[in-house]
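Just below is one structure, and these are the notes that go with it.
Convention: sequence-line order gives letters A, B, ...; per-chain numbering from 1.
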Amino acid sequence: MNAFDSLADLVRSALERLIADGALPAGLPLDSVQVEPPRDPAHGEAATNAALLLAKPARLAPMELAERLAAQLRSAPEVVEAAAARPGFVNLRLVPAFWLRAVHAALELGADYGRVDLGRGRPVNVEYCSANPTGPLHVGHGRGTVFGDALANLLAYTGWKVTREYYVNDAGAQIETLARSVHLRYREALGEAIGPIPEGLYPGEYLVPVGRALAESEGPRWRDRPEAEWLPLFARRAVEAMLARIRDDLAALGVHHDLFRSERELVETGAVDEALAFMEKKGLLYTGTLPAPKGKPVEDWEPVPQLLFRATAFGDDTDRPLKRSTGHWTYFAADIAYHLDKWRRGFDRMIDVWGADHGGYVKRMQAAVKAFSDGRASLEIRLCQLVNLLDGGKPLRMSKRAGRIVTLRDVVDEVGKDVFRFMMLTRRNDAPLDFDLVEVTQQSKDNPVFYVQYAHARIRSVFRHAAEQDLPGSARALLDAPLARLSDPAELALVRAVAAWPRTVRAAAEQSEPHRIAFYLQELAALFHALWTRGKEMPDLRFLVAEDRPLTLARLALLEAVRTVLATGLGLLGVTPVEELH
RNA sequence: GCGCCCGUAGCUCAGUAGGAUAGAGCACGGGAUUCCUAAUCCCGGGGUCACAGGUUCGAAUCCUGUCGGGCGCACCA
């Protein structure tokens, strides 16, 4: 049990005793009681809002209730001080031994210290990246990819059975465009002068090798044939090549999906027809004509009857078309089939990570999931805002037409996956992010990842020195260290930060907010660096004290606990905890 | 016009399920290095939490409106 959970239990049992004594009425909602670290450390080491929450149902003034609770809590052996504070908090100070349990737990549990079983083994599907296979990943994709990956890590760590999934949009007009673009490169590889890439085709150089490979394996036989004959082949080969490249880019970021699900396959195997027939049978579809769109006038708009989904019955703003005037399924229809497919594979919890430019799509997708599952499946959609690429403070304009795309791979190769991942995660996903190529390539202290990694490296450094002095270095060997010797305020602050790790994990997982892990790690690193420097100023506080082996063991135990938490936290973010920095 | 997201220090951002005197980094000013890595640390100035109402013991946080910014708005993906 982690520190703050056990404090909440302590407070609840104190309240129960007050109820038993008749000092409080029965039937109070004790579950809502929380114990948290107070914002201002001067208030104490932990604080509960119990009296504020329960004052009304207990028909007591908050301060009166707080006083009674504080008096009751003072009798607990762990409690050194319990004080009521206006408007009704109860502030607690605990015996150091209470907090030191967390250090012991970290040593004992290692990477499992902080793990909480929120998921109880239930399955969750996290779909992220899912970039169209028409080109390499760019920096904007990188953000959602890193976010989704860290979120998946976090859910797996908290007891969920996670499947990481990539939806491949390998059907539709864009793929035909891709195939035509590759055909042009194919002709080029056969020696033809193709001139400038025509409007409407993909100009990127990355298609050159795809065309060359086709020229080598196929020869010139498709050069002058009608499009209908070569298009499927070229589309398939192009998508394969792009996907291979995307997987490679993902691997460079440390991202590995469990499943790549193909849209084309859903269409070709009849899964879309089947899914929509399922919707039809539930009475969710009808044929009708949508009103003209409200915004900027659409030039070629004309009222046509279409097959529609009753999205408005499930919270969307308008009903949504499922079939195009050509008779083909819309993207949305295939997406419904895909999510139905997920649900049937056993996922009643699904999380999609999308770019903010798909924000207009959220309601209809959630409406569809609600509709086909009769409300039994949940779809959470996390939108990642855009990344503003800057070059030395100046906005870098990316133009697909000019072929001037800053690829994810370029940036990752330049700054490293650790820096990229950490930078993407030190911000809430729903706020835009400035990513300055100059700033992050400088690998200066502007990169918070170094700050955290440096803390880890420094701890490893201490242990290298400890090994030279014949001191134990493993967590197991430090389990019996006399932790009670830790007494300096800077040491105890670090101990309490270690104790706060499990609740940080829980909050981050429950809110789907991996950035909380990143911020916590920076705080933990800051407390460690501060202690380190105090040791420079006051030799008594150095970690390795030659003449006092028990004290040294206690400090090494604390350092190992901190290191464990740093390594675990960095691991959740997908960042490598380094042994040393140079 | 409608929908979603955002607005917190000069800049970039946190703010833990409504809690106490709103925090950190950068930048700026001052200081610390014979000693476990100074890529670090310590001290300081900096704020009408866009604005106006509302809900209540209490609001940066929840609700309504206004202003400002971003994204999106049949038959593309």
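Between A:W354 and B:C71, a side-chain N or O to OP1/OP2 separation shorter than 4.0 Å is absent. Phosphate proximity of B:G15 to A:H515: present, with a side-chain N or O under 4.0 Å from OP1 or OP2. At the phosphate of B:C41, OP1 or OP2 sits under 4.0 Å from a side-chain N or O atom of A:Y451. Proximity of A:R534 to the phosphate of B:U40: no side-chain N or O atom is located under 4.0 Å from OP1 or OP2. OP1 or OP2 of B:A38 has at least one side-chain nitrogen or oxygen of A:K536 nearer than 4.0 Å.
Heavy-atom distances to RNA chain B give each of A:L53 and A:D170 a nearest nucleotide, and the one nearer the 5′ end belongs to A:L53.
As the counterpart of B:A52, B:U64 is assigned, both hydrogen-bonding distances of the Watson-Crick or G-U wobble pattern falling under 3.5 Å.
Across the P atoms, B:C2 and B:C62 are found 23 Å apart, a figure rounded to whole Å.
A donor-acceptor pair is defined here as one N or O able to donate and one able to accept, closer than 3.5 Å; no such pair exists between the side chain of A:D352 and the backbone of A:I381.
For A:H515 and A:F147, the ring centers are positioned 6.0 Å apart or more.
Regarding A:H141, its NE2 atom lies at a distance of 11 Å from the C1' atom of B:A77, rounded to whole Å.
Scanning atom types as modelled, one donor and one acceptor separated by under 3.5 angstrom connect the side chain of A:R503 and the base of B:U16.
Cation-pi geometry between A:R261 and A:Y167 is not met: the NZ or CZ atom fails to fall both under 6.0 Å from the ring centre and inside 45° of the normal.
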